[in-house]
Every structure is written in C-alpha cells, then in structure tokens.
Amino acid sequence: MIPALVTLCGPLAAFALIGLLPPLRRAGRPAALLSIAGIAVAALASGIQAVPYFRGVAAPATYEFLWAPLTGAPSIRFGLLVDGLSASMAALVALIALLVQVYSLAYMASEKPASLGRYYAYQAFFAFAMLGLVLSHNLLQTYVFWEMVGLGSYLLIGFFWERPEAGRAALKAFWTTRLGDVGFALGILVLWGAAGTFTFTELFAKVGGGAVAGSALSLGLAGITLGAMGKSAQFPFHVWLPDAMEGPTPVSALIHAATMVAAGVYLMVRVAPLLSHAPELMSAIFAIGVLTAFLAATMALVESDIKRVLAFSTVSQLGFMMAAVGSGGAGAAYFHLLTHAFFKALLFLTAGSLIHAVGSNDLFKMGRLARAMPVTAACFAAGALALAGIVPTAGFFSKDEILASVLAGGHPLGFALLVLTAGITAFYIGRAFFLAMLGSHDAEGHAHESPAAMTAPMAVLAVLALVGGALAPSIPRLFAGTIAPPAFEPETAPVFVPILGTLAALSGLALSWLAYQRRSFDPGAVRRAVGPVATLLERRYFVDDAFELVYRRAYLGLSSVVGWFDRYVVDGLVNAATWMTWLVAGRLRGMQNGRVQDALYAVAAGLVLLAWLALGR
Amino acid sequence: MTAGALLLVAAAVFSIGLFGVLARRHAIGVLVSIELMFNAVNLAVAAIAWSRGLVAGVVLVLFGIAITVAEIAIGLALVLLAARVRKTSVLDDLDTLRG
Amino acid sequence: MRDLAFYALAVILLASAAAAVTARSLFRAAFALAAALLATAGFYLLLAAPLLAAVQILLYTGGVLTLIVFALVVTGAPAGGAALRRPLPAALLGVAVFAALASGTRGFGAGEARGGLDSGAAVGTLLFTDYLVPFELLSVLLLGAVFGALLLARKDRLE
Amino acid sequence: MSVMPHLLSMTVLAPFAAALVLFVLPERAGRLIRTVSVLGAAVPLLTSILALRHYDAALRGFQFVEAYPLVPRLGLSWHLGVDGIAVPLLLLTAIIHGTAVFTSWTTTERAKEFYLFLALLVTGVYGVFVSLDLFVLFLFYELAVLPMYVLIGVWGSSMEIEGRGPFGSLFRKIGVGGKDYGAMKLTLYLLAGSAFILVGILLMWVAGAGPMGRPSFDYLALSHVTFSGGLGRSIFLLFYVGFGVLAGIWPFHTWSPDGHAAAPAAGSMMHAGVLMKLGAYGVLRLGFGLLPQAAQQLAWLVGLVAVINIVYGALGAGWQKDIKYLIAYSSVSHMGIVMLGLATLTSVGLAGSVYQMVAHGIMTALFFTLVNLVYHKSHRRDMTAMGGFARSMPGIATFFVIAGLSSLGLPGLAGFVAEFLVFLGAWTSAHPWWAIPGVVGAMITALYVLRAVRTIFLGPARPGDEAPPDAHGVEWVSLVALSSCLVLLGVWPRLLLDPLNAGVADLLARFGS
Amino acid sequence: MDWSAAALEIGTLALAVGVLALDLIAPSREPAARRTGLFAIAAAGLAALLLVSLRLPAPAAFTRAYVQDGFALLAKRVMLAAALAALAGMAPYATARRIADRAGETIVLVLFATVGAMALVSAREYLTLFVAFELLSLPLYVLAAVEKERGASPEGAIKIFLFGSVSSAILLLGIALLVAASGTTFWDGPPAAGRTAVLGAALVLSGFGFKIAAFPFSLWVPDTYQAAPTPILAFLSVAPKAAAVAALFRIVHEVFEPAGIASAPWIATLAALAMIFGNLLALRQHDLKRLLAYSGVAQIGYVLLALAAGTRDAPGLALFFFVAYLVSNGGAFLVVAALECAGSEATLHGVRNLRRRAPVLAAALLVFLLSLGGIPFVLGFWGKMYVFLAAAQAGLYPLVGLGAVLAVVALYYYLNVARAMLTVEEDGDSVPVAPLHLAAILACALAVTGLGLAPQLLANPCLRAADTLMAPSPITKTQSR
C-alpha cells in the first residue's frame, strides 16, 4: 500500500508546493524540476508496485478510510485499490507522465518562467488526479478524480489562453465530457440506490449475489458508459478531442492520447464484471465502439493538421478498445490501451518535435524532414508501424487480440468493419509519414533535430512501441490479480485473423505510399471524384455543427427565454404591483383636496358604515 | 306624543344639521348647522329622559347646552381669526392644506 | 292637545331647521336657528321640564344668537354667491344618516313615558352628588374655553 | 459540554457590542474602527469554532443551551441553543463575516457606519441560528434583513437596466437597476416575506397554547405539539413562502438579482452567502422541524419548486450580461439545491442541503468578492465589455475559476460534496426523478460559469484598454481564506458531517416512516 | 372617596392654576425670563406628578364612576409624559416662532387637555366621559391655532374644530341611546341591551373615531398637524389617541360586553381601513408632519387590532404600544420641531444630508422612524408585535397578515426619509439644536432603544396593569357613592 500512497503523494506534493508558493511558480524552471521529481518518485514507486502483478504473484490490496459519514444510509468510504489492473495502469500513467514532463522541459523552454511554472503546476495536478483515478477503490472516488482530470485537461487545453481558439477548445472539451458525466453521476446514483455502495468489491459481490435488480444495474451502467464515452471521446462525444489539440503538444500526448482519454476504457474494463450482467448494453457499447473506430478513421483521412490526424486516430483506436469491451474482450481492450498509450504518446511527441522544428501543424507545410531529424523520423516510423499494426510491433498484437475477441463475441459484421478500419488507419498514418518525413518538397524554415530532453523520451517510447507486444502474456496474469478475476480461457483465435489484419494494414500503407510518395495518382482527384463524401468527412459528419446548433438554439435560446420571462413577467408582476400601489396612493392623495366639508363627508359615511355594520346584519 | 316620535323628530333635525354642515358654504352657516345638530341631540336626550323618568337626563342636557355654547364660542373665534388672517369665511377657500 | 302641540312644534322645528341650513342670508339663517331653538324649548315644556326650557331660552338661544349675530356683523355678511355647495350628495348622506338613526331607534319609547323631569331640586342634588366630577370638569372646560377664545381674539403683544 | 456558560450569547452579542462601540467611536478613527470590527468578527469565529469542536455529536440534541424568561405571560424567553445543523451555519456566518470585514477593508467612505450596519446584520444572523424562541428568532430575522437597505443604499452601485419596448419608460421611472431600487426592493420583498412568517409563528403560538396549557414561543415546547391537518399545512406554507422569499424560491426570487447586483461587496457576501441560508434554515427549522406531518405532505411542492429553481436559475444566469446578475442568478439556482435537499426528507439529502448552505455560502461570498474586485479595478460590470483580464489579474482569475468550479460541482471542492449528497438523497427519496434536473442543472452551471470565465479573463485583451491591476494587500485575505475553506470542505466533509448527521437525525426522528 | 384616584388630575389642575396666576402677575418687562420660568415650572410640575404617579396605589376609586386602576394609571403616565414632551418642545419653539407671549395660555391649555385625557381613562360613567372628551377637545382646537398669524393656522384649527364638533354631537347622541337602553348613565348599572343600544354603541365608536383618528374620521389629521405648532403634536398625536383607546377598552369591557354588543367586527373593520388608507396615503408624502400624521392613522389601525381582539392581554399590549408610540412619534415630532426652529423645512427635501448637518438629530430621527416602522430592537417593533400577538390570540389572522404586509409598505416611506437623511452631499448648513430639544429628543431616543433592548421591563408591568381593567377588583365594584 505504501508505494501507492507514495505514487499519489509525489505529484500532489509537487502541485501543492508549486501552487501554494507563488515565487516558486514564477521561477519556472525550479518548479518544473520539482514536478519532474515528484512524478519520478511516483513512477518509481508505481513501477515497483506493479512488478509483482505483472508476474502474477500479488493479490489485490485495499486501503480505505471514512470520508463522509452518513446516517440513514451507508457511509461513504474512500480508499485505494491496488490490483493487477490499477497497479499496471498507474505504472503506465506515471511512466508516460514522467516522459512527457521531461520532454516538456525542452518543448516549453521558450515560455516565460511564470507560464512554465503554471504549466508544471497543471501537469503535477493532472498526474495526481489521473493516478488517483486509477487507484480509486470505488465509483464515487473514481468520479471525483474523473472530474479532476477533466479539469486538468481543461486547464491544459486552455494553456495558451490568450488565443481565442484555445479558450473555446477548452470549453468545448469540458462541456462535452461533462455532458457524458451527467450520465456518469446519475449512473452512480442509480447504482448506489440499488446496491447501497460505491465500492467496486462490494458492488461486484452484490451484483454477483443477485442482490441488485437487473434494470437498475443496466440503467446505472448505461449512465457510467455515457461518462466513459464522453471521456474517451466516443461518437458522438468525440467532437472535443480534435479541438483539444489547441493545447501544447506534450499535453496532447499525455492527456489526449495516452492517459485521460483512456480513462473511459479503463473504467469500462474496471466494471466489465458488471457489464456481463447487462448484455444489451454490451451490444450497444460494441456498436458505438465500432462506429467510432470507423468514423474517426475516415475523418482522419482528410485532415491536414498533423495533431488532428493523430487525434482522430486516438478516437478511432479508443473505438477499437470500446468495441473489444463490448464484445467481452476486456483483456484485449486493456492490452490495446497499454500499447496504444506507448505508440500514440510516441506519435504525439514526435509530432511535437516536428512542430517544434517547423512551427506549424500543417502536414502540407512539412516534407523531407527525415533528413534533418533522423531520430524523430525513426521514432515516428516506429509509432506509425505500431499504429498500423504491422508485425511485430506492439500494436499488431493488441489489435489482433481485439479482432479476435470481436470475432469470438459473435460480431462478424463488426469484425469486417474493424478490419477495414485497420486498413484506413494504416493509410492515414502512412499519409502523414510520407507527407511529413519524405515527400517531394522541403519543409518551411530551418528544421533541425530536437534536443536530447525531447528525443530521449521519444526513444524510450519507441522501444516500448516496438516491443510492447511482449506484454501479451502478462495480461491474463494482471487480470488474475484483480478483485474480480475473469475466468480466462486461452483463446485460440482463427489463424486468418492476424493475416487479415496484417493484409489490411499493409494495403493501407501501400496505398498511401502510392498516393503521397510515388504520386501514382492524385489524391486531389480522388477527393473531387467523391465530392459529397469528402465534404461529409471534412465537415466531420456535421456532428460538431449539431452540437453547435444545440448550444446556440437550445441552450442560449432557452436561456434568453428564461431571462426575458424573469425580467419582464415574473419581476414584471412585482414591478407592476408596486407601480399600482404607487398610483393608487397618488390618487388617494389627490382626493384629499383640502376642503374640509368634503372631508366631513367621510365622517358621515363612516357613521353610516358603522351603523350598517351594527344594525344591517 | 311618544318619546319614539320625538326621537324621530330629533333624528330628522340632526340629519338636517348634518346636511347643513356638509353643504353650507359660509363658515358661520356651518356653525349654525352644528348648533342644530347639538340641539337635536339635546332634544333626543330630553325625550329619552322623559321616557325613562331619568333626572340625570336633564343634567346631561344642561351639560350639553353648556358645552355647545363653549364650542360655538371657540368656533366663532376661529372663524373670526380666519376672516382676519385669511380674509375669507368660506370654508372651501381654506384649502391650502391638502394632499 | 298635547299631540296637537307636538305636531305643531315638530313642524315649526323642522321647518325652521330646514330654513336655517338653506337660507341664502346668514342673518335669516341665524334667526331660523333661534326659531328652532325656541321650538325645542317648547318641546321641553311639553316634556314637563321647565328648567330645561328656561335654560334653553335664556342661556342658549340668547347666548348663541348674540354670538352669531356678533360674528356676522364682524365678518360682514357673505357677499352673494350660492349658499350651498354640492347639496345633492350632502342631502343623500343626511338621508342615509336619518335612515340609520330611525332604524336604530325604531320601537323605542312606544310605551307610556315616566316623566318626572320637573324637579329642579333633584337636578341640583344630582349635580353635587353623582355628577360632581363631571360638573367640576365642566367648569374647567368653560374656563379653558374662555381662555381659548381670549387667546384667539386678543391683539398680540410682540416680544 | 459547558466549555463556556454563555457561548451562544457571546456569539450573538459580540458583533452587537462591536456595533455599539462603533456607534460612539469618532468617524476619523479609521484604524480603531477596523480593529473593533475585526474583534467583532473574531470573537464569534472563535466561539463558533469552539462550538463545532465541543458539540457532542453522539449526544445529539441542542447544546450550549441558555434560557431566561422574558415575558412569561406571553411565553417569551431568551432561549438559545444549537444543534448539529446550526453549528456549521454559525461557522459559516463567522467565516463570511470575517472575510467580509477584510473585503471592505478599503472602504474609506463612512467606514464607521458601514461596519456598524454590517455588525448589526451579523448580530441578526447569529441570533436566528441560535434562537430557540420563535419570537426572538423572528426578531433577529428582521434585524438581519434590514441593515442591508442602508448598506446597498449608501455603499451600493447602480447600473441602469434598459427596459425593452414598452418597458423602457416604466423601467426608467421605477429606476430598475439602480441601487435605490435594488435596496428598497430587497428590503420590502424580504420583509413582506417576514409578514408570512409572523402570521405562521402567531398561529403556532395560539394553536400550541391549547395542548401546552400556556402560550409559548419555545421551540422545544412547540416541537412536542402536533399541528395536524389543514392548520399544519397552512403554517407550513406560511413558513415556506415567508422564509422561502429569503431563500430565493421561485417565483419570489427577483429581489435577489437586483439587490445583490446593487450591493457593495461585503453586503452581497453577507446576503447571498449567509442571509439566503437564513431563509432555508427557517424553512428547515420551523417548517420541517416543527411541522413534520405537513412537511411530509407538502414535500412534493418544495421539491418541485426547488427543481424549477435549479434549472430556471441556471438558465436565467446564461442570459445575463452583468456579471453581478450572473452570480445572483447562480445563487437562485444553487439555493434550489438546498431546498431540494430539504424536500428529499432523507437524512442524506438533508445533510447535503445544509452542507450546500455552507458550501454555497462560501462559494458565493468568494464570487462576490471577486466580482467586486473586478468591478473596482476595471469599473465594469458588463461582461461583454471585458476580455483578457487574466493577463493583468491572474490571481483574481485563478480564484474566480476556483469559485466557478465549486459552483459547477467539481469534486475536491465543497460544492461537489453538497450537491452529490443532495442528489443521493433525492434519488432515494419518494421522488427519484428530482435528481435528474438537479444533475442537469449542474451541467448548465458549467456552461454559464465557464463561459463567463472565458469572456472575462481569457482571450486577447481588448485593444485600447487600460489593464486592470490584480488584487493586492489585504484583498488577498478573503480570497485565500474562502477558497481554502472550499478546498477543506471539499476534501474533508467529515468536519461538518458529524454534527450535521446528529442534527439531521434529531430532525428526522419526528418524521414517521 | 379615595383622593389618590384623582390626585394626578387635581395636581395638574393646580399646576395650571399656578401657571395662570404667575402669568397674570409676573412682570412682562423681561419676557424671556418669564417664559422660561413658566415653562420650567410647568415641566417641573409635570415631572413631579409623574414621580408621584409611581407611588400612587392602584386600583383606587375616587367615586363609583371615577376609578384609577393600574390600567388607567399607566395610561395617565403616558399622557403626562406626552404633555411634558410637548412643553419641553414648546419652550424653544415658542421663542423661535415669536409666540412666546402666549406661553402662559399655551401651557394652561395643554394642562387642561391633559386633565381631560386623564379623566377620560378614569371615567366609568357617560357624563364624565363626555365632559372629559370635550375637555380633551376644546383646548386642542385653540392650541392648533396658537400661531395665529400664520395663514395655515386657522385653517388647520377650523378643520379639527369641525370634525371635533360633529363627532361630539355624534358621541352625545350615542351616549343618549345607550342611556336610553340601560336607564342610567353609570356603567355598573343594568346592561344596555337592544337595538337602540347597538346603534348607540356604533355612534359612540364613530365619535371616538375622531379622537383616535381612525379612518375615515381622521381626515383632519394631516391638515391640522401641518398647521399646528409642531411640539404640540407630540401631545396631540399621542395623548388623545391613548386616552380614547383606553376609554374604549373600558367601554367595550364594561358596557358593550355585558350587553352582548359585538363591537369587535366593527373595530376590526376600522382597523383594516386605518391600516390600508393610513399607509397608502402616507406613501407619497413629502412633508414630514403630514407623513407622520398619516402614519399615525396607520398606527392606530394596529392598536385597534388589540382593541378588536379584546383578550385578557390585549389592553396591556395596547398600552405597551402607546408607550412605544409616545416616545417614537413624540420624538419624531420633536426632531421636526428642532428642524423648524433652525429654519429648515421639515420635508423630504429639507432633511437631505441631515446625517452631516445634524448627526444627532439624524440618528435620533432614524431610530424613531425605525421604531415606527417596527424594526427589531427598537421599541416600536415590540409594540407592533404585541398588538399582533393580541390579535392572534383572538384569531384575527387575516388582519395580522394585512397589518404585517402593510407594515412593509409603511417601511417604504420611513426608509425614504432615512434615505434622504443619509444621502450625503457637500453643501447644507448645519442645524443648531436648542439644548432642551436635544435633551427631550435624546430622552425619547434612549427610551426607544433602551426599552427596545429590554422590552420585558415594560411589557410585564403593562400586562399586570391590564389585569385590573379586565377583572375589576372588588374595591371598584362595591364602592358606593
């Protein structure tokens, strides 16, 4: 348990110090080093902690304390859960965070010291929140950290706050994920109402014992799934992720590729033992996953911003994972989560390196960078191969497992679509590689290789992306060390699965090579040929527009209706009442005309009134 | 002749006096009307005393007369004052205090 | 005979009262008032209360009439114009008050009257026994009225 | 138990004594005036911390009780005591008052009177929280409401609201948006509400005299009387509407935006931070505490209106251009959560409701401090005329974000704990669907709060603008103190939940199942 | 015959005679000294009488028809205090307004009226009641016009005179009808039952309506107040109302109730009318005296609630109300008087910036207005609340609600004055205040705040005193003539 606490405390201490000591924050570099030290401690501790789980020799451990005592209902306990899943995930998060923070030291070097301090404060905060999320032992605490990583994301996306787009993107990210979190919160409520607990272990036990009504379980899980969809940018909540690329690139690597966006999948893997009790929901998750994977990949085809290509790719890959969860292959999903973290973080970091060199995100402004930046190019290639799923990179193994589990789950159509998506994936990443690294013209500016602080993390990740497939045997061991170990049956996937997958990937790569390197055909012509489809893709299936419309019409419209109603009707009545009183008072005052005999009428009238009261009834 | 009939006459005079108070333009006319009202009340008291055999009623009437005279004295003094200061005895002209 | 006198006095009283409140000339109104007061004195006689009648005639009618005529002379008679203001609503209210009073006193004193108001001595006794306190208060009141009237009427010393 | 024999009397009388001392101090004694004010705030802070520390949650019930008869014939007495519900609210009041004193540290114009009226107001607030005699409670209630008139009228700020169309001339005539209008509206509206309360208390006094054998305003005595049927419901409604006006229940909330917008910083802090809670506390203490049957029968109404409040307030906030109005509408929305917690009639919901009182109190006080800082530095209240302020006032921006995050229920801050407890309560109450608009309301809050953050602080600075400076000196005190409280209460809810549970359990003990 | 029961009246009369004599014999060469002496003697005498009143036994009966129970005694203290306030205010005012040559008469008339007021609360018999009523009226007609050179004076005086005379006639007629029903002028005789008595009761109430200034018998009030010398209003606005309400309590209890005359609904109607019209009419006044006049009408509405309630506690609570009303309303008029003496007009405009021009006056006026508005911790709050309590005891909840809501309307105009005072401007002359005014105002303010903080000091005696009214002690019942 102590390593887990150390894991959490490292970044927390760094954040607290940087946050509470303005001079430290304003100094910039010391703050950065402090943050790196914190995350390094966390990485070390979590690494040590994870090893036994990878070897399959550790049992789950929990630590909890009373957080909110309640009467009339079970008190809320918070705590840490260390098991195969959380320990390995924590190690992953800490590792990548460490690499990214080191990388940022060089990448963000041109920022003003105060800005840099702020950046590292956010980074430390995010690391703490993400680790907390991973190590949570109950749903509510997960939600707590879930929102906190959302905040970290918001802050980091909007890091360049003076750019209007950055502020806008940050808002969009926060709002969209929050929309899903409405479901998450309600889901927690529903589950709590049905099971009376937030804790995973108790929840699993109760559900397993049949103590929870099926409908409530489905409803609650559906809510939680909505939350996961928001966080993991599943269709139609994917809209925020491409825009989130307004943030600094290392942030994109850490948050919007490797860790936070994967939290949704992580959560689904975590609750997978419950999901099996809600088969309809499983199907829905599968459908969403496949759809997301495919649509996002298609959108990546027409994107020219390198980071957005990668962002769509992330969405697509998360779709793969979701599909795996939906088809019952939580292990496959988690495996892909790990490998994806390696290669996608790597891709983003290399993209950052490119952008750093070129000063632009636009693929078409890059070219022949491989010559000037060999390390970067090599790393990019490694990442691209892993993403495309070429043997023997990490991506190959994990994607293969997903495809196998999908097929085993009895979704042949989905399987086909995913294979197709794999092809598209290979094509767009190939396109990016050829445009940026090789190509026919030189990039603008004077490209140069990035400093060691940047290339070293890239190199580490590149290695991991290439050999990460070796983790495959560890996955069942990890799962055996969770609180609800699944009955793993060594799946024997049909032999055609990896072959199909590899074929699709190779053909995708080949096609991109033909189009962008060999120039065998003009991609522009293709685009013109399929005009409406291309427009559809370029407009991102109009989902963003739909959100915009809802925001403008539904929210702002309703808002002004309510505002108007309040000012002129509700308050209008109040004002009208006072105004009437005012007028009546004035009229009465006018009747007091100073003529005493007119006033004496009142005496006579009063006399008559009293006499009537006395006698009349 | 009954006390009831006398009361009715008194009531009529009282009402006539009240009419005068409400309708007379000149302040002294109003004072005259007030006298009528008091006189009507005195008459009513006397009628009641007569009916119930109540000597105290006579005392009441005497008091009433005394007080009426006192009132009229003050009232006339006020009217004269108004005539002196405001140069008018018409009540409707005394309407600077209003609202 | 008593009834006849009653009716006659009632007619005189009502008529003079009406004249007092409507007469264009205030002098005429004052004398109509005097007539009404005298008619009332007649009623007092009918009620066998000679003390009241005497006081009514000597003190009341005389005193009031003197005061009013004096005031009329000092202020000068009203210089024309209507005697009445808004007579209609005033009349309506008068009628309403009369109706209320008539309704409230309906059925009172229908039976035989007890009378017995003729003893001046009994009045005197009452004044100094039962009604000593109000009598004393009345004297204070009259004193106050004299002071008040003097204060209002006198020419002022200036400081 | 008996830490100090007159702990509560001291709490109430300390600010009053400060007011008296301020009354006789010369106007120019600026430092002395502030010292006295700080003392007047510090003593109650100390006593309320003591009360929190020494309140024995296991023992439950009212503690630190003091009782002296005043007018025995009428059943009037000076009867003080706090239960687990009042203790956190005392602390809230002390915190807000303390920070309000610091927030207005730079008030130089007629500082003596300012602090005097502030102290009077606070006296009333403490009095309401500790009184166990309904009449004395009412007395303090009115005392709490009134000084605001002067605070707004003298130290407030005006911003004309343009009426649209036919309302144009009318609005100008009434002076909508002006501080005189706001002050008068707030005062009269709230006192009109207190008329309902008065009738309710009197009904209770008279109806309770029968069963008790003597008239009494005593809370504990009255709590043994059952007011059933129509009478109970009538009294409940009177309390609900009367106190509800102050709690900002729809549709009686419109005093709040106009009043709070016009008020000076400390005024809005006290009013939105504490006084609105007074309304909710009144409904809780008098309505739910004394009339459990009627409360049970009418909980649906309370909940329904609360739900309207949450969504309506949040939507209304989105329309506002004036930043102060925005905060005021958000208060309307958040008070809906308080009332929703009450309506759940579950212990979790009730605890959450009171927690929300504290959380929202601190949060909104922080908001108003910030908004006033922004206003004083930039001389603007219209958000559309702001932008890029984060460059020159990064500190204010940071704290604004913290306050905003608490208001949208971000975990780790006090607002989340409160809202979540309320939603838990709502979900397990007789009307589970209430939780849905509640959660949605929190979502809408995220929309308008973050939009405001973006409009005011983010983006490029407007060309030609003089950059408004950041906070400095004493101004930081309240910002740091309040946001620390938000964090503390966000991560360590036990601090308040222990006494709260005791208080809620007492209250619910009278509710049959 | 217990002379202590009439000691205050006799003492006041003696004081009046003394002042009168002094006024006649004192040399007029030194008018200032003479005036000061007269006022000083009168004030000292009244203060002495107030002290004496503390030692008087109650209940005590002067005659069968003239009693001084605890209730009456307390009411008389209110009147003596009101007279004292009026004279204290009048002394500097008379100088400032150049009417000091009328000091003697003024004092005597005030004292006479005080005797009338005191007699009114002690009377248990119609004749005494009527004469006392008149004795409380006539001097006031004159006092209203004591600044006779001012054009408004005779107008205001004529207005109160006409209302008063008509009301006297109505009252006398009512008394006649009640006597007709009971056959005696004494209240301890046979009950006055029957239709005639009911009408008589209504007429008596109408007649008293003038004295207590209940709408619609109150239309003279603002005009007369505006014209009358302001210090006199400290008396005029309190003593007649207190005396008449106290007398009404006694009549209702001793006459109407035994006869089965249900007057409560009528009184409740008057209460509602007074509250509604008083407050609405006050809403848009600019002249402080008019504003206070109308607000006084509204206040009377509140106290009529207690009268309509008629519970055991009601008279005591009403007395409490009047004490509160005395100090707050009297104090407010004294502030207005002080303003007028300084040459500042007593309007909303005239009090602008008073906060700077005369801080003490402003603070005091604020306290008085808050008290009238019924704000906690000043005396008026308790007064208002206590009458509401009384009304609630009798189940008059709608009226309590109405009163409470209208109190909010009332607060609007009180706060308007407060706002004008607190508005700080650069200009504005400072207001010099006569020491005597200052002392009287401060005394009132002290009472308003001090008793406001510890109302039980006043409430408990008031309640005890009321018991003697509601349950007359054996002495008063069996006392023979």
Side-chain angles (χ1 to χ4, degrees), chain A residues 22 66-73 76 114 118 129 140 143-148 150-151 154-155 158 161-164 166-168 170-171 174-175 178-179 181-182 185-186 188-190 192-193 551 555-556 558-568 570-575 578-579 582, chain D residues 161 164 167 170-171 174 176 185 188-189 250-251 253-255 258 312 315-320 346-348 351 388 390-391 405 408 410-412 416-417 420-421 423-424 427-428 432 435-436 439-440 442-444 446-448 450-451 454 457-461 493-494 497-498 501 504-505 508:
Chain A
L66 182 58
W67 183 67
L70 298 178
T71 54
I76 303 175
R118 188 160 58 90
L140 180 62
Y143 179 77
V144 167
F145 286 108
W146 183 270
E147 292 288 304
M148 279 162 62
L151 170 65
Y154 165 80
L155 292 172
W161 52 265
E162 278 176 271
R163 296 216 309 257
R168 198 171 164 277
L171 273 189
F174 197 90
W175 287 347
R178 182 103 184 157
L179 207 55
D181 295 345
V182 171
L186 286 173
I188 296 177
L189 289 184
V190 174
W192 187 77
Y551 173 71
Y555 168 62
L556 289 184
L558 207 57
S559 208
S560 43
V561 168
V562 167
W564 190 92
F565 179 79
D566 200 56
R567 170 58 68 195
Y568 294 105
V570 178
D571 199 37
L573 286 175
V574 176
N575 281 332
T578 45
W579 190 239
W582 188 251
Chain D
I161 304 282
R164 309 225 171 130
F167 297 101
L170 188 65
F171 271 33
I174 304 181
V176 176
K185 183 177 191 175
L188 295 192
Y189 216 135
W250 188 86
H253 62 278
T254 55
W255 58 269
D258 288 324
Y312 184 96
L315 284 175
W319 191 60
Q320 307 302 325
T346 61
S347 56
V348 181
R391 169 166 294 282
L405 294 174
L408 59 83
L410 193 93
F416 167 73
V417 181
F420 203 79
L421 289 179
F423 299 152
L424 283 183
W427 184 255
T428 49
I436 297 170
V439 177
V440 169
M443 168 71 207
I444 305 177
L447 288 173
Y448 67 79
L450 293 182
R451 189 159 149 249
R454 177 171 164 234
F457 295 107
L458 308 187
R494 279 194 70 177
L497 277 176
D498 278 330
N501 284 329
V504 166
L508 283 179

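Sequence lines set the chain letters: A, B, ... in the order given, protein chains first and strands last, and positions in each chain run from 1.
Using modelled atom types, no side-chain atom of A:Asp566 and backbone atom of D:Gly316 make a donor-acceptor pair closer than 3.5 Å. In this structure, A:Ser559 contributes its side chain and D:Leu315 its backbone to a donor-acceptor pair below 3.5 Å.
For chain A, the nearby parts of D:Ala435 are the backbone and the side chain; heavy atoms of each come within less than 4.5 Å. Neither the backbone nor the side chain of D:Leu188 comes within less than 4.5 Å of any heavy atom of chain A. Interface remark: D:Ile436 contributes backbone and side-chain atoms alike to the contact with chain A (heavy atom separation under 4.5 Å). Contacts between A:Arg118 and chain D at a heavy-atom distance below 4.5 Å are absent for every atom of the residue. Both the backbone and the side chain of A:Leu66 have a heavy atom closer than 4.5 Å to some heavy atom of chain D. For D:Tyr189, the part lying near chain A is the side chain, with the backbone staying farther off; criterion is any non-hydrogen pair under 4.5 Å. Looking at D:Thr346, neither its backbone nor its side chain comes within 4.5 Å of chain A, counting heavy atoms on both sides. Contact annotation for A:Trp192: only side-chain heavy atoms (C-beta onward) come within less than 4.5 Å of a heavy atom of chain D. With a 4.5 angstrom heavy-atom cutoff, A:Trp582 does not touch chain D via any of its atoms. The part of D:Arg454 that comes within reach of chain A is its side chain, from C-beta onward, which places non-hydrogen atoms under 4.5 angstrom from that chain.
A:Thr71 places none of its side-chain heavy atoms less than 4.5 Å from the side chain of D:Leu508. Using a 4.5 Å cut-off on side-chain heavy atoms (C-beta onward), D:Trp319 and A:Val562 make no contact. Inter-residue side-chain proximity for D:Val417 and A:Trp67 is flagged as met; some heavy-atom pair is nearer than 4.5 Å. Annotation: side chain of D:Leu458 is not in contact with side chain of A:Leu171 (no heavy-atom distance under 4.5 Å). Residues D:Leu405 and A:Met148 form no side-chain contact, since every pair of their non-hydrogen atoms from C-beta on lies 4.5 Å or further apart.
Taking every heavy atom of both residues into account, D:Arg451 and A:Tyr551 meet most closely at CD-OH, 3.0 Å. The nearest pair of heavy atoms linking A:Tyr555 to D:Gly318 is OH-CA, 3.6 Å. The two residues D:Pro411 and A:Tyr143 come nearest to each other via the heavy atoms CG-O, 4.1 Å. The shortest heavy-atom contact between D:Leu497 and A:Ala68 is CD1-CB, 3.4 Å. Taking every heavy atom of both residues into account, A:Phe174 and D:Leu450 meet most closely at CD2-CD1, 3.3 Å. Taking all atoms of both residues into account, the shortest heavy-atom contact from D:Ala446 to A:Trp175 is O-NE1, 3.0 Å.
For chain A, the option among D:Val440, D:Leu424, D:Val348, D:Thr428 with the highest count of heavy-atom pairs below 4.5 Å is D:Leu424. Chain D forms more heavy-atom pairs under 4.5 Å with one residue of A:Leu573, A:Val561, A:Val190 than with any other, namely A:Val190. For chain D, the option among A:Asn575, A:Ile76, A:Thr578 with the highest count of heavy-atom pairs below 4.5 Å is A:Asn575. Among A:Leu155, A:Leu556, A:Val182, A:Leu189, the residue with the largest count of heavy-atom pairs under 4.5 Å with chain D is A:Leu189. Between chain A and the residues D:Val439, D:Ile444, D:Val504, D:Asp498, the largest count of heavy-atom pairs under 4.5 Å involves D:Val439.
Around CZ of A:Arg163, the count of heavy atoms belonging to other residues, nucleotides or ligands within 6.0 Å exceeds 12.
A perpendicular orientation is assigned to the rings of A:Phe565 and D:Tyr312, their planes being inclined by more than 60° (bins at 30° and 60°).
Atom-to-atom distance recorded for A:Arg178:CZ and D:Leu410:CG is 7.0 Å, nearest 0.5 angstrom. Once rounded to the nearest 0.5 Å, the distance linking CZ of D:Phe423 with CG of A:Leu186 reads 8.5 Å.
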